[in-house]
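Numbers restart at 1 for each chain; the letters A, B, ... are given by sequence-line order, proteins then strands. Computed from a predicted model, the values in this text were never measured in an experiment.
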Amino acid sequence: MPTVGPSTLDFRDFFFVAPEMLLAVWGLVVLLLDLWLARRLDPAARRLWVGRVALAGTGLAFAVALAVGLVPLMARAYPEDAGSWLSKSTLDYLFDTDPSLFSGTLAGDLQVGAFDLLYIVLLGLIVGLSRAWSFTEEWGEFLALLFWATVGMMLLSAAEELITLFVALETMTICLYLATALEKTRRRSAEAGLKYFIYGSVSSALFLFGLSYVYGLTGTTHLSAIRRLLVEAQQSGLTANAAGATAVLLILAGFGFKIAAVPFHQWAPDAYEGAPAPAAAWIATGSKIASLIAFMKVFANALEPWASPDSNVLRPGWIGIVAVVAAVTMTYGNLAALRQRNFKRMLAYSSIAHGGYLLVGVIAVGLAADVSRAAGAVLFYLVVYAFANLGAFAAAAWLARDKESDQIDDLNGLGRKQPLLAICITLLMLSLIGIPPLGGFFGKLYVFMEALDERTASRGSISLVWLVGLALLNSVVSAFYYVRVLRAMFLREPAGKPMAAADRLIALPILLSTAVVVGAGLTPDLLMGVMQAAAAPMLTTPIVVHKLTAPTPVGPPAPKKPTPAFQYSADQMKKMGQMATGGAGPPGGGGPAPKAKAGTKSATPKSKAQAPASKKAENRP
Amino acid sequence: MGSDIPLSWFLLFAAATFAIGIIGVITRKNPIAVLMAIEIMLSAANVNLVAFWRYGPERLDSGPIAGIVLAIMVITVAAAEVAVGIGLVILCYRRWQAADVDRYDSMAG
Amino acid sequence: MARILFLVIAGVGLTSALSTVLSRNLVRAAVSLAGFFFTVACLFILLEAEFLAALQVLIYVGAVSILLMFGIMLTRGVQGTDLVSGPSAARLPGIVVGLVVFAVLGYAIFEEKGLRTQYSWGALDERTAIARGSKEPGSPLRSAVNNMGKVVGVELMTRYVIAFELAGLLLTAALVGAVAVAHREEDETRSTGSGVPPEKPEPTADKPNP
């Protein structure tokens with residue numbers, strides 16, 4: 001029987017997906033516990049207990065994710081000590097140059113670790129928020145779906161390969177459709193779930209058809225391999241490439257839906273308004289972060305050769321299309337948000353508008369000379385946006401708990417009743433507008449500066465000035481509807497049923513979000529540094545090609561090695577180190593850089609095309 | 001082998017069924033009918049994938065059967081989507097006593 | 001011969017797909033859909049992916065169609081007439097959009113120049129040859145065609161293990177969630193004794209149309 005390529009499974013790779021596995025299993029634990037408690041406790045006690053166990057799960061997942069991130073760093077920093085508590089093969093594994101897991105389907109680097117932690121923190125806050133009041137009877141199911149959606153998000157932002165990416169995307173959204181519909185005492189929750197589901201399924205069908213064309217064009221599903229092929233084909237832009245253009249449009253439709261870009265935004269207002277506040281918060285934050293990361297990976301990494309930066313906007317290339325989508329998205333989102341009286345619905349339109357700003361950032365990434373800086377700006381924006389939105393949704397949950405409604409007018413007089421939290425919400429709103437000392441300002445500043453960067457502009461004659469100008473104008477417009485919230489809180493008399501004091505489940509997300517937003521505003525360099533380090537491997541991860549190619553057709557099948565995964569022999573390592581210091585080596589550090597170390601992997605994207613080839617040649621016995 | 005089926009025939013079939021699926025998504029109001037149209041679109045993509053797998057050059061970056069694996073995943077996802085979709089449709093039907101996407105309008109769009 | 005077979009299958013497939021989309025009777029649409037799935041399975045056999053054809057029949061024809069049929073029966077009565085979809089005239093825009101999509105895709109297929117290969121999609125008349133001589137160890141593609149089940153198993157357990165595990169999680173989530181969403185809350189209120197009214201009145205705040 002002939003061998004089928006060296007596709008092997010290295011069980012040590014599972015170490016890096018431990019947080020995902022833990023969350024998946026914990027979802028089941030929560031579900032079973034809920035079933036077991038259902039007939040033993042009254043609903044309120046059951047809710048608290050199930051929530052408590054779920055919170056414990058997120059805490060555990062946080063610890064595991066931290067360990068996954070720290071162990072390789074520790075092992076690298078103190079290799080002698082590490083030798084005493086890690087086995088030789090594990091140590092070798094941690095020093096492997098290849099940052100990819102599972103034959104290159106997942107990335108296992110700092111970006112993934114940092115965002116895993118972010119998702120888990122956000123999930124913990126959202127689980128806490130769900131405990132705050134009773135909106136559904138299906139506690140176990142609701143929390144389990146949130147957990148599993150998180151697994152989808154984590155793998156989506158780690159995926160380096162289209163099949164894994166597709167399945168992760170579907171896992172995330174299907175869990176969110178269901179979580180949206182679970183507030184069964186209200187009709188609009190069911191309606192929101194169905195609308196979200198129908199729009200989502202249509203868009204994933206479009207997305208998939210686009211993927212099938214990409215697979216047909218390149219014959220591969222690995223992002224870096226796609227990019228390599230497109231670079232080799234020397235096709236700049238999509239001129240005279242109708243199939244590629246179709247694929248780009250269809251994939252854009254899929255991602256555009258996930259980040260609620262016009263014209264695929266129709267589901268968002270209904271889903272945000274109808275979904276229970278924690279589910280809406282998870283749609284607005286986690287799902288958006290993960291989709292945007294995947295979007296950047298596919299467009300700014302795999303399909304970057306089709307970006308067409310060297311001509312005017314009208315020349316086909318995804319940058320032109322995305323620029324138009326971004327312009328329409330932010331304008332529409334802001335104008336529509338002006339007319340909303342419902343707090344969650346307003347947040348939905350504002351989230352559409354922020355999607356537009358983020359798309360400007362993606363364009364900058366596609367054009368940028370320094371990819372990691374541009375992508376870092378987008379990630380910075382995403383983090384700040386996510387926390388600000390989470391705090392806002394916590395306020396919405398507060399309204400839903402005490403007023404069973406979520407109109408902006410229900411916030412009337414909050415400033416007098418709850419001054420501290422009202423001030424926190426004020427800061428969050430100001431950050432969403434982009435008022436200077438807050439994180440949102442620096443997010444916008446970085447993204448727009450990247451778009452206006454001279455080197456970016458010089459690389460292509462495309463001018464993003466009009467887009468940035470429109471974005472600034474939109475930011476001004478957005479102030480009107482955010483200020484409406486502040487006006488309600490501070491200038492109006494309280495009316496109707498008074499709001500009870502927020503317990504810590506609601507107060508904590510608001511306070512923590514405010515802390516993050518203010519902290520990101522006071523020391524933007526700190527967060528930006530982390531985000532740039534995270535972005536560096538994300539868009540430039542060199543997938544080591546020898547793991548992926550089959551043995552040459554002629555010749556006997558390779559003998560079985562004791563360790564299935566490829567490992568460098570000592571002299572190969574040395575040779576690669578020399579190559580790297582000589583400057584002609586493969587990017588990705590070449591030398592024995594450990595996993596989870598970002599700096600050494602910040603390869604320039606230009607030389608990436610040649611890199612795998614040189615590696616391949618070098619490692620051929 | 002001169003009488004082999006050209007690749008473009010499969011692709012055209014997939015394109016035609018995809019377009020039919022889009023027609024269904026646009027024209028149908030019944031959510032289950034929309035669901036059926038979505039299934040047609042997913043199947044169209046699957047035909048593409050398998051045809052590209054069989055006709056494409058032998059590239060092994062993603063293994064010998066990347067297209068097939070993706071098609072299997074699509075079948076799985078489609079099954080899950082149908083289950084979820086039917087669940088949601090039944091939920092909405094109980095609320096409105098109607099299966100019509102235009103009647104579900106408790107929120108102004 | 002193969003071409004004639006393809007044309008017959010494709011004709012049946014397109015007819016049943018059209019009938020699914022245009023039929024006013026939902027039950028008939030579902031039956032046509034099962035027929036369409038079956039023709040897709042036949043195409044998979046023409047493409048030498050028998051394993052996938054078997055999966056297609058088992059899952060789509062066997063499970064998905066039946067599930068859809070149940071959905072129709074549960075929501076529309078046994079007749080299954082789709083009373084809500086508009087008259088034929090109202091479908092015209094949709095049909096025009098569909099034709100445009102088909103035209104664009106067809107143009108794309110024949111316009112494709114071959115990204116880095118010598119041939120393009122439009123000119124590729126023969127599938128990749130796999131019988132290159134019996135002495136060779138055999139190309140991976142050949143063993144994939146001849147031994148699909150095994151290769152699929154190996155790939156799902158090695159290279160695509162994360163996608164595979166995640167698909168399992170997805171199915172679990174869909175199952176759990178669909179049951180949670182669809183089961184009646186009357187049973188729930190009785191079992192927990194919470195006495196939550198099944199329908200809380202919606203807040204009647206006026207929401208302006210944006």
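Contact annotation for C:Val176: both backbone and side-chain heavy atoms come within less than 4.5 Å of a heavy atom of chain A. Only the side chain of A:Thr221 comes within contact range of chain C, with heavy atoms under 4.5 Å apart. For A:Phe14, the part lying under 4.5 angstrom from a heavy atom of chain C is the side chain only. Contacts of C:Leu166 with chain A are made by both backbone and side-chain atoms, with heavy-atom separations under 4.5 Å. Residue A:Leu338 does not touch chain C at all, counting heavy-atom pairs closer than 4.5 Å. In this structure, no portion of A:Glu20 lies under 4.5 Å from any heavy atom of chain C. If you measure heavy-atom distances from A:Ala144 to chain C, you find no contacts under 4.5 Å at all. Heavy atoms of A:Phe209 lying under 4.5 Å from chain C belong exclusively to its side chain.
Atom CZ of C:Phe51 is surrounded by more than 12 heavy atoms from other residues, nucleotides or ligands within 6.0 Å. C:Phe6 CZ: more than 12 foreign heavy atoms inside a 6.0 Å radius.
Two residues are said to be in side-chain contact when any heavy atoms from C-beta on lie closer than 4.5 Å; A:Leu182 and A:Leu145 meet this criterion. Looking only at side-chain heavy atoms (C-beta outward), A:His222 and A:Glu160 stay at 4.5 Å or farther from each other.
Ranking A:Val17, A:Thr164, A:Leu335 against chain C, the residue ahead of the rest is A:Thr164, based on heavy-atom pairs under 4.5 Å. Residue with the most contacts toward chain A among C:Ile162, C:Val104, C:Ile109: C:Ile162 (heavy-atom pairs, distance under 4.5 Å). Top candidate by heavy-atom pairs under 4.5 Å with chain C, chosen from A:Leu31, A:Leu28, A:Ile163, is A:Ile163.
For C:Tyr60 and C:Phe36, the distance between ring centers is not under 6.0 angstrom.
When all heavy atoms of C:Phe44 and C:Ala53 are compared, the pair lying nearest together is CB-CB, 3.9 Å.
A side-chain donor-acceptor contact under 3.5 Å links C:Ser19 and C:Ser32. A:Glu183 and A:Thr136 share no side-chain donor-acceptor pair at under 3.5 Å.
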